[in-house]
Amino acid sequence: MNVEEMNQLENAIEEIVEIAKKFQLDFYPMRYEICPADIIYTFGAYGMPTRFSHWSFGKTFHKMKTQYDLGLSKIYELVINSNPCYAFLLDGNSLIQNKLIVAHVLAHCDFFKNNAHFSNTNRDMINSMSSTSERIHNYEYEHGTENVEKFIDAVLAIQEHVDPSLFRKYNHHQKNEPANIEKQSKGKTGFEDLWDLEQNQPSEESKKTKTPEKTEKKFPTKPEKDIMWFIEEHSPILEDWQRDILSMLREEMLYFWPQIQTKIMNEGWASYWHVRILREMDLTSAETIEFAKLNSSVVQPSQHTLNPYYLGLKIFEDIEKRFDREKIFEVREIDSDTSFIRNYLTKDLVEDLDLYIFEKQGREWKITDKTWENIRDQLVSSRTNGGFPYLVVKDGNYKNNGELYIKHEYEGLELDLKYTERTLPYLQQLWGKNVHLETKIEDKPVVFSFKDQKMQRRFL
Amino acid sequence: MSSSFIVSREDWSLHRKGYQDQTRHQEKVKEAIKQNLPDLITDESIILSNGKKIIKVPIRSLDEYKFRFNYNKNKHVGQGDGESKVGDVLGQEPAPSGAGKGEGAGDQPGEDYFEVEIDMEELETMLFSQLELPYLKPKEKDLLKVTDIEFNDIRKKGIMSNIDKKRTILQNLKRNAATGQPGIHGISPDDLRFKTWDDITKPQSNALILAIMDTSGSMGSFEKYIARSFFFWMTRFLRKKYEHVEIIFIAHHTEAKEVTEEEFFTKGESGGTICSSAYKKALEIIESRYSPENYNIYPIHFSDGDNLTSDNERCTKLINQLLENCNMFGYGEVNQYNRSSTLMSAYRNIQHPTFRHCIIREKGEVYKALKNFFSKPEVG
């Protein structure tokens, strides 16, 4: 990019910022960085320019870069949730491509800044990740690259199992430990148990079986969703450096979580705005055509997998049609993908978009359902917990032997059994003792146990 | 206004993280290949790739495992072009061994095979590093000399084309430093250094391998596949590691005949099995063309063990005769279902130190068989 092109880009950005502000978009100061392809793809693979090193990122990078080299896919931009907000533009983008991207990115930044689910995210994560990376690098010197890598392999296998709830602040050394149970059960006002009712409604069955051992200390007192945290706090075998890595990687996951949770909304929001901003601009006819092409390639529907850009855009447009523009600002502030779809995906929209449910029957993938409520609910369930199975620590002292008992809160979606069997050894590596995972196969409860280096499967 | 954004363009050329981790990943891929050698060597894509330099091999162990849902057993939401209806078929699972991917299955996680490109040469080096011909003896009459040259010496005189630039410059630096004018200048004939070579001679003995394969009707496609995989790698190994080795191919059912390499690997026959015919043929060949005085001889026989029962005793006798003339006799039995009363039950009683046998029940055991036949005798 030469000086003149750079000036053109700066002028365009100035104009776009002006229009975006008129539309009431509210964003952080922006830092645009022009990068060559391999750098953009590095950031794409790592999720952040400063992230720690690991072979799995190298694998992703290689895959993405190869696809780019073969002309199969192209990332035009990358934007970081931070203040100031960093956006990376691919060197070689045309001016009109950059205009679209700059507008798109501004709306992303508005979303980062204003959506409630991002309210707890660390806006200085670029630096935090950089120091994490450095610390991990130092641990490699201290404890050997291979040891550190092996440990990170294990942590990455369970990294999604954190508790991202907005209102729960983890107070180390206080929560969910056996020592506190007595205090709690005696109670100060006698009404504390009411607080638990909502989260911890015991089913009829478990009530019966559990009554006799009520006096026994339970650990954790309530099923613990944050497995990463639980292991960091209670694993008997971790060394300090390992706890440190676990804790840092958990922070990274908590940082990324809102992005996982709002993929459809965030992309829909950005697409909604880049269209409207570009409409306000004075484009040449050649630019208009290129913009139309580019825009349709971004939001084009695709079979089998839903294009989040397209679905999100359509829902936002529909909300605006049915309510008003103010309403879409409200939605971008308080919703996440699950509530967004549950509340705003309507019958008309499902039919209009020609959505359907498909599944495998025999060897064929078939459309099996077009009932709009089922489609909506299926979409919601696929986005629940970021699309990951909901697992909780049920017992951290199973069999009174310090073994770890994890339960999959089964809601009709079966686990990939092969992957389950390959992941449990990682969990065991982190916990140090035998580990168990309860789930359901064909609606029958089953427990996978990784005991004494052997995998067992047992129906209950 | 203009302060609310900054556009910059830095020099990223030193940012190599992606490439570094990519290299680490590739190292891990190589480790995985090493660990998967037994599975890989019976992989059809490799055996069929004969001649290609770079081959693709499937690796499984580099998945990033995590708890996830079973894609195949769950429902998904898709989008049509406006006319979709219940019952429409979106795609089919690819046929079990077919190479093509079904439309619908394309984006499913499923079995995540990771295809890796590897140099055939490299794979062979890994594979053959532990293999060698056992009991190899120097044969007096025809002691062959392998001549090779090795550049391993430096001299002050030599041919200009063999000049060692690095050492010459070093010498020049040293001399200039000694005279108080450090740097590279004024290279004199005194500085010149030349590489020179030595002749190395390694004695190598002649070896003859008799590859004997049962091609009778009872050898099913699995049995043939295993036997051929074994012989495929055996011939590659022998030709890569030994310069003077001859391989004779013998196919047999009720009678045996000497065949060409191509016939050996491609032709199927049928009929009953009389293994002694092959052993007789082997003895004949040894007697008429390859004297044990000049050759290290290794007959290797693969069969499913389904021999005419009355023939077993004759076979045992002939093997003993062969053993007297040969360095080693190897018998491999492909026995998928653990049948009893096979040739192996007769051969178990052969108590000769250079008789080696091996049973293969599944594809992964071909490498084990190679190692079994082509390894140093255990001491003690």
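No hydrogens, no waters, no symmetry mates; every other heavy atom, side chains included, goes into these values. Per chain, numbering begins at 1; letters A, B, ... match sequence-line order.
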What part of A:N374 is in contact with chain B, defined as an atom under 4.5 angstrom from a non-hydrogen atom: side chain, backbone, both or neither?
-> neither
For chain B, find which of A:L391, A:T420, A:L415 contributes the most heavy-atom pairs closer than 4.5 angstrom.
-> A:L415
Kindly indicate whether the side chain of A:L417, heavy atoms from C-beta on, has any atom under 4.5 Å from the side chain of B:N70.
-> no
For residues B:Y65 and A:Y426, report the shortest heavy-atom separation together with the two atoms involved.
-> CB-CE1, 4.3 Å
Just checking, is any N or O donor in the side chain of A:Y356 or B:D88 under 3.5 Å from an acceptor N or O on the other one?
-> no
Is the count of non-hydrogen atoms from other residues, nucleotides or ligands lying under 6.0 Å from B:K376 atom NZ greater than 12?
-> no
Determine whether more than 12 heavy atoms belonging to other residues, nucleotides or ligands lie under 6.0 Å from atom OH of A:Y410.
-> yes
Compare every heavy atom of A:D91 with every heavy atom of B:R9, then report the nearest pair and how far apart it is.
-> NH2-OD2, 2.7 Å
On the 0 to 90° scale, with breaks at 30° and 60°, tag the A:F88-B:W12 ring pair as parallel, tilted or perpendicular.
-> perpendicular
Top contributor to chain B contacts, counting heavy-atom pairs under 4.5 Å, from A:L89, A:L9, A:D38 = A:D38
Between A:T42, A:L427, A:I13, which shows the greatest number of heavy-atom pairs under 4.5 Å with chain B?
-> A:I13
Hey, are the side chains of A:S382 and B:V77 touching, using non-hydrogen atoms and a 4.5 Å cut-off?
-> no
Is a side-chain N or O of A:D354 found less than 3.5 angstrom from the main chain of B:S84, in a donor-acceptor match?
-> yes
Can you tell which part of A:T50 gets under 4.5 Å to a heavy atom of chain B, answering side chain, backbone, both or neither?
-> backbone
Answer key: most heavy-atom pairs under 4.5 Å with chain A among B:D11, B:V86, B:T23 is B:V86
Non-hydrogen side-chain atoms of A:K360 and B:H76 separated by less than 4.5 Å = no
Relative to each other, are the rings of A:Y32 and B:F5 parallel, tilted or perpendicular (30° and 60° limits)?
-> perpendicular
Based on non-hydrogen pairs under 4.5 Å, which of A:S56, A:G412, A:G362, A:P84 is most in contact with chain B?
-> A:S56
Given a strict heavy-atom distance threshold of 4.5 Å, which part of B:Q26 is in contact with chain A: side chain, backbone, both, or neither?
-> side chain
Looking at A:S53 and B:K17, what are the two nearest heavy atoms and their distance?
-> OG-CD, 3.5 Å
May I ask you to check whether A:W365 and B:Y71 place their ring centres under 6.0 Å from each other?
-> yes
With a 4.5 angstrom heavy-atom cut-off, which part of A:L353 approaches chain B: side chain, backbone, both or neither?
-> both
Which portion of B:K75 sits near chain A, non-hydrogen atoms under 4.5 angstrom | both
Crowded around A:Q361 CD? As in, over 12 foreign heavy atoms under 6.0 Å?
-> yes
Counting distance only, does the side-chain N/O of A:E33 pair as donor-acceptor with the main-chain N or O of B:E10 below 3.5 Å?
-> yes
Do you know the tightest heavy-atom contact between B:E64 and A:W55?
-> CG-CH2, 4.0 Å
Honestly, the part of A:Y41 sitting under 4.5 Å from a heavy atom of chain B is neither
If we only count heavy atoms from C-beta on, is the B:K28 to A:K59 side-chain gap below 4.5 Å?
-> no
Heavy-atom closest pair (B:S4 atom, A:V17 atom, distance to 0.1 Å) is OG-CG1, 4.0 Å
Contact part of A:Y310 toward chain B, heavy-atom cut-off under 4.5 Å: side chain, backbone, both or neither?
-> side chain
Measuring heavy-atom distances to chain B, does A:Q159 have an atom under 4.5 Å in its side chain, in its backbone, in both, or in neither?
-> side chain
Does CD belonging to B:E132 count more than 12 external heavy atoms closer than 6.0 Å?
-> yes
Residue pair A:H408, B:F67: steps toward the side-chain contact (heavy atoms from CB on, under 4.5 Å) verdict | CA-CA 10 Å; A:H408 168 216; B:F67 297 111; over 6 Å; no
